[in-house]
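See below for the structure under consideration.
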Amino acid sequence: MKALITGGAGFVGSHLTDHLIAQGHEVTVLDDLSTGQLSNLSDALDGPNGARVSMVEGSITDAALVDEMVAQVDTVFHLAAAVGVFTIQTKTLDSMRVNLHGTETVLDAAHRHGARFLLTSTSEVYGKNTAIGLHEDADRIIGSPLKSRWSYAEAKALDEAFTHQYVVHLGLAAVMVRMFNTVGPRQSGRYGMVLPRLVKQALAGEPLTVYGTGNQSRCFGHVGDVVPALATLIETDAAIGQVFNIGNPEQVSINELAERIIAKTGSASPIVHLPYLEAYGPGYEDMERRVPDCSRLHDLIGFTPTHSLDDSIEAVIDDQFDQVGLSADQSIAG
Ligand code: UDP
């Protein structure tokens with residue numbers, strides 16, 4: 001495979017880069033480094049397979065650059081997007097431009113150059129549907145598009161609709177995945193993501209900020225389970241034209257997540273509850289829970305998550321310890 005990974009310097013994209021080059025593929029990364037970081041690619045660029053990776057700094061909204069880069073590959077993993085609830089809340093217009101126009105630009109180039117295409121969409125498209133086990137055909141329950149969270153959900157849903165039409169009407173070989181909350185080493189808490197944020201607070205001895213009641217729950221999938229599935233899907237002919245949930249159905253409330261983090265780090269930090277208004281400003285709506293049904297992915301490629309929630313929490317703690325130079329053994333209390 002000669003692959004282009006848009007957003008390849010991001011959290012998931014950099015792990016996908018590592019995975020593909022380890023499998024003998026060639027990877028070119030296109031990333032504007034807005035939320036991605038060059039350091040995420042250090043293992044790939046400086047490792048034994050470094051000759052098979054290259055990185056170009058640029059935007060997916062730059063049609064000429066995208067065209068030039070897609071022309072050189074046979075496969076496109078489209079991960080570049082505005083990510084994180086804080087980003088979406090504070091840079092809503094830019095987020096929509098990247099997530100709508102950027103995706104259309106990459107999609108169109110993939111079509112013109114005959115490349116296979118994988119779109120990373122999101123569980124946000126289900127909105128406030130609280131079904132335990134959201135199936136890919138589940139109804140979307142979405143608030144006003146004037147609220148930034150739902151404008152994000154709408155943009156990603158339109159990305160899917162666009163991709164689907166490129167498959168149906170233009171014969172593009174494309175597959176779509178809806179990623180549920182994904183965690184692991186390298187994920188930054190700067191843009192919202194709760195697990196790395198709370199771990200950072202626990203390690204710094206600061207209060208863990210739980211928003212709302214903390215009774216809302218999430219399911220966290222480990223990036224090490226997600227990435228191989230993306231690579232397999234794009235090479236699976238029967239996946240073309242379909243959308244797949246990907247995640248881990250193990251639920252945890254945010255209160256319990258904070259408690260587990262405190263126990264595992266041995267932190268003396270307290271847990272504080274902050275109202276959503278204080279955390280995100282006006283116009284924010286949360287969802288009570290979001291649980292994936294991954295049976296479609298299981299049935300097609302045998303997908304089964306191998307990392308438990310505790311594995312994921314420990315991986316994030318170890319990663320943050322590594323960043324400050326402490327060993328993994330010192331990081332986990334009990
Ligand atoms: N959250 C929290 N404290 C934080 C960051 C997030 O309690 O410091 C909550 C957030 O309100 C949501 C959950 O954790 O209920 C997951 O948030 P995240 O932004 O990680 O993902 P998403 O809301 O997109 O699932």
Side-chain angles (χ1 to χ4, degrees), residues 1-60 62 65-66 68-84 98 102-103 106-107 109-110 113 115-122 174-177 179 182-188 190-191 193 196 221-236 246 301 303 306-307 312 315-316 318-319 322-323:
M1 202 189 288
K2 271 188 157 184
L4 170 66
I5 305 180
T6 70
F11 157 56
V12 179
S14 64
H15 284 282
L16 181 60
T17 302
D18 291 342
H19 177 79
L20 292 180
I21 59 172
Q23 306 261 307
H25 303 299
E26 282 179 36
V27 173
T28 310
V29 166
L30 173 62
D31 201 301
D32 67 0
L33 301 181
S34 55
T35 55
Q37 296 190 52
L38 256 190
S39 59
N40 286 341
L41 290 171
S42 319
D43 287 356
L45 289 166
D46 304 336
N49 301 313
R52 289 206 299 274
V53 196
S54 57
M55 152 82 202
V56 173
E57 186 177 342
S59 171
I60 53 167
D62 180 341
L65 176 63
V66 167
E68 184 189 323
M69 294 187 74
V70 173
Q72 293 166 36
V73 299
D74 49 51
T75 307
V76 176
F77 292 89
H78 178 43
L79 279 69
V83 291
V98 167
T103 295
V106 181
L107 196 52
H113 295 290
R116 280 199 171 221
F117 181 87
L118 181 139
L119 174 77
T120 46
S121 181
T122 165
V175 53
M176 298 158 271
V177 289
M179 294 190 24
T182 304
V183 295
R186 298 183 193 150
Q187 187 176 39
S188 167
R190 208 171 304 140
Y191 311 105
M193 288 69 170
H222 193 287
V223 68
D225 284 325
V226 170
V227 150
L230 301 183
T232 303
L233 265 183
I234 208 163
E235 294 191 303
T236 304
I246 188 160
I301 64 167
F303 174 78
T306 59
H307 296 80
S312 295
V316 173
D318 286 350
D319 180 51
D322 287 347
Q323 286 169 27

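Bear in mind that the values here come from a model prediction, so they are computed numbers and not experimental data.
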>> Are the side chains of F117 and V106 in contact, using a 4.5 Å heavy-atom criterion?
In response: yes

>> Can you confirm whether S121 sits close enough to M176 that some side-chain heavy atom of one is under 4.5 Å from a side-chain heavy atom of the other?
In response: no

Non-hydrogen atoms of [X] and [Y] that approach each other most closely:
X: A110; Y: V76; result: CB-CG2, 4.5 Å
X: V98; Y: A81; result: CG1-CA, 4.1 Å
X: A3; Y: V73; result: C-CG1, 3.9 Å
X: V183; Y: F11; result: C-CZ, 3.3 Å

> Residues two or more places apart in sequence or in another chain: which of them pass salt bridge (charged side-chain N to carboxylate O under 4.0 Å, His left out) with R186?
Replying inline: D18, D43

Set of residues satisfying side-chain contact (heavy atoms from CB on, under 4.5 Å) with respect to [X], sequence neighbours excluded:
X: T232; answer: T236, I301
X: Q72; answer: E68
X: L45; answer: L41, V53
X: E235; answer: M1, H25

With rounding to the nearest 0.5 Å, note down the distance linking [atom1] in [X] to [atom2] in [Y].
X: E26; Y: I21; atom1: CD; atom2: CD1; result: 11.0 Å
X: R52; Y: Q23; atom1: CZ; atom2: CD; result: 10.0 Å
X: L4; Y: M69; atom1: CG; atom2: CE; result: 5.0 Å
X: T35; Y: N40; atom1: OG1; atom2: CG; result: 9.5 Å

List the residues meeting side chain to side chain donor-acceptor pair (under 3.5 Å) with [X], not counting sequence neighbours, and say none if there are none.
X: S59; value: T61
X: H307; value: D225
X: T103; value: H78, D159

>> Just to verify, which of T120, V227, V223 counts as forming a side-chain contact (heavy atoms from CB on, under 4.5 Å) with L16?
In response: V227

>> Using the side-chain contact (heavy atoms from CB on, under 4.5 Å) definition, which of the options L119, T17, I5 pairs with F77?
In response: I5

> Which salt bridge (Lys or Arg N to Asp or Glu O under 4.0 Å) pairs, counting each pair once, include a residue from residues 28-42, with sequence neighbours left out?
Replying inline: none

Donor-acceptor pair, side chain of [X] and main chain of [Y], under 3.5 angstrom:
X: H222; Y: G224; result: yes
X: H15; Y: P185; result: yes
X: T6; Y: L79; result: yes
X: E57; Y: L38; result: no

